[in-house]
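Order of the sequence lines fixes the chain letters, A, B, ..., with proteins taken first and strands second; residue numbering starts at 1 for each chain.
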Amino acid sequence: MVSNSNNDLAASAAHFRHPITKVSEVEFRIDRKAHEGMNVPVTIYANEGLLSKMLTDRTIDQAVNVAHLNGLYKHVIVLPDGHEGYGFPIGGVAASDANNGVISPGGVGYDINCGVRLIRTSLSEKDVHPKLRELLKELFLNIPSGVGTGGRIKLGPRQIEDVLADGVAWAVENGYGWDSDKEYCEENGTMKTAKPNMVSPTAKKRGAPQLGSLGSGNHFVEIQKVDKIYNPQAAKTFGLHEGQIVIMAHTGSRGLGYQVCSDYLRVVEGAAKRYGIELPDRELACAPINSKEAEDYLGAMNAALNFAWSNRQMITHWTRRAFEKVLGSSSEGFEMNLVYDVSHNIAKIEEHNIDDSKRKVMVHRKGATRAFPKGRTEVPIMYRKVGQPVLIPGSMGTASYVLVGAPKSMDVSFGSTAHGAGRMMSRSAAVRRWRGEDVKRELAGRGIHIESASWKGVAEEAPEAYKDVDAVAEVSDSAGIATRVVRLVPMGVVKG
DNA sequence: ATGTCC
């Protein structure tokens, strides 16, 4: 059992339900035999403080539920930012056999390919500071935000099919980006396995007007400054240096991905029943990977992945335009190159070593970032000697991190690490506790400016509603799964 | 996260 240093009743109850063994300062474990029906153990990468927060909601219960699924390898993983999600914890990873395992839409989440990209510049704080408010206003105009909001273009019926099939490549071919952008996206920003015809007309109708829009919640575009370097060699390789201005964008597949998840949860619930799969929680509905239902979901989910990559690419385009307009030079001149783009909500087939043999596995990453180390062919050639950039956004007004995938991640987390700070307080509780106007004023006092579509949204995203992103990055680093490269601090935020 | 209830 872990120490009973916290007095929270819910946490104590969870301690009692799950015998948790402390392996190290940053690793905890629930044995496979802890509960009848578990097929694999659960590994939790966290410190005592982060673990005690997970024990205040159903995070660990959900990870134990996931461990009941068929065809899983090694263990279910909870990352330091883990919190409760739909069926499957956010900050969770599970890998099932690519032929005999299962796929669970809840293991990807509603916001399919929610993710982050980082754009670097040749600008420094003194270039940007006098124009910061103007830049934020221009970004806010160029990149519409808020629930149900559309982007600056509306796709026709033929175009949405092409976006779903081609992802980032569609955007670049249509003038919304540079050829080099594709190289610096996970999967080059295009899943060739996408099946646009498996995406419902409703999902396409929702998505068509939304390409190039931000959405709401914790989605943002931030102007940040490189604050601290931990790993000079990797920083140099990623084109990052102290004092440099960078732009981080965090968004996903908007209403389209939500609709795909929602449509296929119904399909997969039916499949689970038909194939006689016993589910510890209905929200964990899953289908055998080789079933028709799974193939259809995978085709649609891959199309939604492409939509999200294209969305972040459009946002990159409009960001470059905003900088050009306000600062009066070309974005090529500002060297606004893409550092990298990572997905946080995804399932895909990868090759991993299991018991000394190479196997194809379906890795579910929900609120988790791929963190491949040096040498893996999936890492862009320019980065292959150091490893994949891992982008961890903080909550509004707090730091964000760039890490680099470390070799140990392949042994202990299916090449994955954390994805963000992780909520600590529900949106509704945050709205009861804070007023958006006060949060904005408090951040402005610290020199961080916000352009937002809604006061309620600002209150929901109050920094105190989130876990400590510095602790999350530190645990990943100490556990040796992805190590810190640079710390970024916000100067201005555009959000929904 | 989400046309925050077809």
Side-chain angles (χ1 to χ4, degrees), chain A residues 57-59 62 81-92 104-116 143-151 154-155 160 199-221 249-266 283 300-301 304-305 307-309 311-312 315 342-347 364-369 393 395-396 419-432 436 452-462 465-467 494-496:
Chain A
D57 64 23
R58 299 189 61 242
T59 310
Q62 291 183 330
D81 52 343
H83 60 284
E84 185 178 327
Y86 181 90
F88 190 115
I90 297 162
S104 174
V108 175
Y110 273 90
D111 191 0
I112 296 166
N113 195 3
C114 181
V116 182
I143 305 163
S145 58
V147 181
T149 312
K154 183 176 175 4
L155 299 171
I160 184 82
V199 176
S200 71
T202 311
K204 287 171 185 167
K205 196 178 161 197
R206 284 180 74 170
Q210 292 189 325
L211 199 68
S213 68
L214 202 50
S216 67
N218 64 354
H219 288 170
F220 64 74
V221 172
H250 178 202
T251 187
S253 51
R254 310 284 284 102
L256 184 137
Y258 183 96
Q259 190 66 44
V260 166
C261 179
S262 172
D263 290 341
Y264 280 93
L265 275 167
R266 235 177 311 142
E283 292 186 356
M301 187 261 281
L305 294 174
F307 185 88
W309 270 313
N311 191 30
R312 289 196 288 278
I315 285 171
V342 295
S343 175
H344 285 161
N345 285 355
I346 192 167
H364 297 65
R365 292 194 183 93
K366 183 185 192 181
T369 311
S395 52
M396 186 177 66
H419 86 304
R423 281 203 90 85
M424 188 159 68
M425 187 187 289
S426 72
R427 293 182 190 283
S428 54
V431 169
R432 285 195 297 274
S452 173
S454 101
W455 288 121
K456 182 165 166 269
V458 174
E460 285 177 351
E461 297 305 311
Y466 281 82
K467 292 176 191 171
V494 175
K495 66 178 302 305

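Under 4.0 angstrom from either OP1 or OP2 of B/dT2 there lies at least one side-chain N or O belonging to A/R254.
Using a 4.0 Å heavy-atom criterion, one finds that A/E460 contacts no nucleic acid atom at all. Using a 4.0 Å heavy-atom criterion, one finds that A/G255 contacts the sugar-phosphate atoms exclusively. Counting non-hydrogen atoms under 4.0 angstrom, A/S262 reaches nothing in the nucleic acid.
B/dT2 atom P lies 5 Å from atom NE2 of A/H219, rounded to whole Å. Atom CG in A/N311 sits roughly 10 Å away from atom P in B/dT2 (whole-Å rounding). Taking atom CZ of residue A/R423 and atom C1' of nucleotide B/dT4, one finds them 13 Å apart after rounding to whole Å. To the nearest angstrom, P of B/dT2 lies 12 Å from NZ of A/K456. The CG-C1' distance, from A/D111 to B/dT4, rounds to 14 Å in whole Å. Atom CG of A/L256 is separated from atom P of B/dT2 by 12 Å (rounded to the nearest Å). The NZ-P distance, from A/K495 to B/dT2, rounds to 11 Å in whole Å. We find that OH of A/Y264 is positioned 19 Å from C1' of B/dT2, with the value rounded to whole Å.
The side-chain heavy atoms of A/Q259 and A/S200, taken from C-beta on, include a pair separated by under 4.5 Å.
A donor-acceptor contact under 3.5 angstrom links the side chains of A/R254 and A/S213, judged on distance only.
With sequence neighbours left out, A/F220 forms a ring-ring contact (aromatic ring centres under 6.0 Å, His included) with A/H250.
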Between side-chain atoms of residues 82-92 of chain A and protein atoms elsewhere (two or more places apart, or another chain), which donor-acceptor pairs fall under 3.5 Å?
unit_1: A/H83; atom_1: ND1; unit_2: A/D81; atom_2: O; d: 3.1
unit_1: A/E84; atom_1: OE1; unit_2: A/R58; atom_2: N; d: 3.0

